[in-house]
Amino acid sequence: MRIATFNINGIRARLPRLVEWLTETQPDVACLQEIKTQDDGFPIKDIEEAGYGAIWHGQKGFNGVAILARGATPAEVTRGLEGEPEDEHSRYIEAEVNGVRIASIYLPNGNPVPGPKFDYKIRWMARLRARAAQIWAEEVPAVLAGDYNVIPFDRDVWKPEAMASDALMQPESRTAYKAMLADGWTDALASRHPNGGVWTYWDYQMNAWPRDAGFRIDHLLLSPAAADRLVDAQVDKIYRGREKASDHAPVWVRLKD
DNA sequence: ATGACCGGCAGAGCCGGA
């Protein structure tokens, strides 16, 4: 079973890229972030024609997450995170697919630092950790996949000094992420590439892609029952080089059946 | 300075992204 996550940066603008990627790589599950559309603008017809069922949590203009499953419709468990009822951002959706719990996560960026957006990011991370603990208690195989907007270690960025003042690399952001690792969640990509130097994002600006000036912010966290089944984790880097590409590349894990 | 791009919304430039 192969589970992928892909921040597509606008599902309508990126639809040809999305269908191409689904057709070429055939992931069993695809978690999408930044669909940037209201629920009624979600291109379900095109996705179904590509052989996938889907659930989605949209929002006008920004954010928005979805879970796709090949030949099936994901069984939704919940959407949104508890703890902040006034929060209307669409950043979390969770489902069951073929016996595996799947979450598609779009964690707040948090810039500028300091400020209310950064405070919201840190609060959101605490809310995510609380939800993760509930899933943990269910003792199910679980994959919490998405754009975490956190560069966990200096080895996860092309040049740490360049991002030092950014929300993605602040000690509080890293501490909150590492708290989940300390809880027992396995960072799948890091576990397969322990020396770092693996990027999932390259800025559109500053010639970042040709210079390979990227960083790693798209993560798949595995519960113990999922980590036991992990056989591979990779970045499909070539999709960052396609015409009208997202600024993120797809990342995936393969679990033993 | 790494150094000037994207998508969405709206119907021009801004906002948000990271």
Side-chain angles (χ1 to χ4, degrees), chain A residues 5-21 31-43 46 56-66 87-92 104-122 124-125 128 146-174 176-177 189 197-219 235 237 239-251:
Chain A
T5 182
F6 191 5
N7 180 324
I8 49 169
N9 187 19
I11 196 168
R12 289 174 295 171
R14 212 73 60 206
L15 191 55
R17 287 290 84 81
L18 174 63
V19 169
E20 170 186 85
W21 170 66
C31 298
L32 305 180
Q33 300 86 34
E34 282 205 269
I35 62 173
K36 291 188 176 179
T37 180
Q38 299 175 92
D39 282 341
D40 59 10
F42 190 85
D46 301 84
W56 57 95
H57 189 196
Q59 180 180 347
K60 189 177 183 180
F62 308 98
N63 306 322
V65 287
D87 182 6
E88 293 182 344
H89 287 198
S90 297
R91 299 181 175 275
Y92 185 90
S104 181
I105 293 163
Y106 179 47
L107 210 144
N109 169 309
N111 281 304
V113 182
K117 291 184 176 179
F118 185 67
D119 297 340
Y120 170 61
K121 176 189 188 120
I122 299 303
W124 204 94
M125 293 186 81
L128 175 64
D147 177 358
Y148 280 72
N149 270 316
V150 175
I151 299 168
F153 297 94
D154 284 357
R155 60 180 176 272
D156 296 317
V157 53
W158 69 283
K159 190 165 103 176
E161 313 87 79
M163 296 294 289
S165 61
D166 197 283
L168 312 199
M169 243 183 74
Q170 291 310 295
E172 282 174 279
S173 309
R174 288 179 158 181
Y177 184 75
L189 195 59
V198 176
W199 320 140
T200 68
Y201 171 90
W202 297 259
D203 203 304
Y204 286 125
Q205 302 186 68
M206 300 167 280
N207 220 25
W209 168 247
R211 291 189 302 114
D212 198 29
F215 40 82
R216 188 175 75 93
I217 52 175
D218 299 274
H219 309 308
V235 181
K237 192 174 170 180
Y239 291 94
R240 180 61 181 83
R242 297 275 170 98
E243 280 296 306
K244 297 248 321 159
S246 171
D247 41 6
H248 296 249
V251 188

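Naming: A, B, ... by sequence-line order, numbering from 1 per chain. Computation of the quantities below employed the complete heavy-atom set of this structure, encompassing side-chain atoms and omitting hydrogens, waters and symmetry-equivalent molecules.
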Whole-Å distance separating the [atom1] atom of [X] from the [atom2] atom of [N]:
X      : N      : atom1 : atom2 : result
A:E34  : B:dC15 : CD    : P     : 18 Å
A:N9   : B:dG17 : CG    : P     : 11 Å
A:L15  : B:dG8  : CG    : C1'   : 16 Å
A:N109 : B:dC15 : CG    : P     : 16 Å
A:N63  : B:dG17 : CG    : P     : 7 Å
A:R91  : B:dG16 : CZ    : C1'   : 10 Å
A:L107 : B:dA18 : CG    : C1'   : 13 Å
A:Y204 : B:dT2  : OH    : C1'   : 18 Å

So what does [X] touch, heavy atoms closer than 4.0 Å: a base, only the sugar-phosphate, or nothing?
X      : result
A:D212 : nothing
A:D218 : nothing
A:R17  : nothing
A:D166 : nothing
A:Y148 : nothing
A:A13  : sugar-phosphate

> Which atoms form the tightest heavy-atom contact between A:W202 and A:A208, and what is the distance?
Replying inline: CD1-O, 3.9 Å
> Which atom pair, heavy atoms only, marks the closest approach of A:L107 to A:K121?
Replying inline: CD2-CG, 3.9 Å
Give a yes/no on whether any side-chain N or O of [X] is located under 4.0 angstrom from OP1 or OP2 of [N].
X      : N      : result
A:K36  : B:dC6  : no
A:K117 : B:dG16 : yes
A:R14  : B:dG7  : yes
A:N207 : B:dT2  : no
A:R12  : B:dC9  : yes
A:K159 : B:dT2  : yes
A:Y120 : B:dG16 : no

[atom1] atoms of [N] and [M], separation to the nearest Å:
N      : M      : atom1 : result
B:dG7  : B:dT2  : C1'   : 23 Å
B:dC6  : B:dA18 : C1'   : 12 Å
B:dG16 : B:dA10 : C1'   : 16 Å
B:dA4  : B:dG8  : P     : 24 Å

> 5'-most contact on DNA chain B: A:I11 or A:H248, nearest heavy atom basis?
Replying inline: A:I11
>> With nearest nucleotide decided by heavy atoms, which residue, A:A213 or A:Q59, maps closer to the 5′ end of DNA chain B?
In response: A:A213
>> Quick check against the 3.5 Å criterion: does A:R240 have a side-chain atom that pairs as donor or acceptor with the backbone of A:T200?
In response: no
> Does the pair A:R174/A:D154 count as a salt bridge with the N-to-O cut at 4.0 Å?
Replying inline: yes
> Out of B:dA18, B:dA10, B:dT2, which has the shortest distance to the side chain of A:K60?
Replying inline: B:dA10
> If you draw the axis of the six-membered ring of A:Y239, does the NZ or CZ of A:R242 fall within 45° of it and under 6.0 Å from the ring centre?
Replying inline: yes
> Going by atom types alone, do A:D87 and A:Y92 pair a side-chain donor with an acceptor below 3.5 Å?
Replying inline: no
> Do A:N111 and A:K117 get their side chains close enough for a donor-acceptor pair, meaning under 3.5 Å?
Replying inline: no
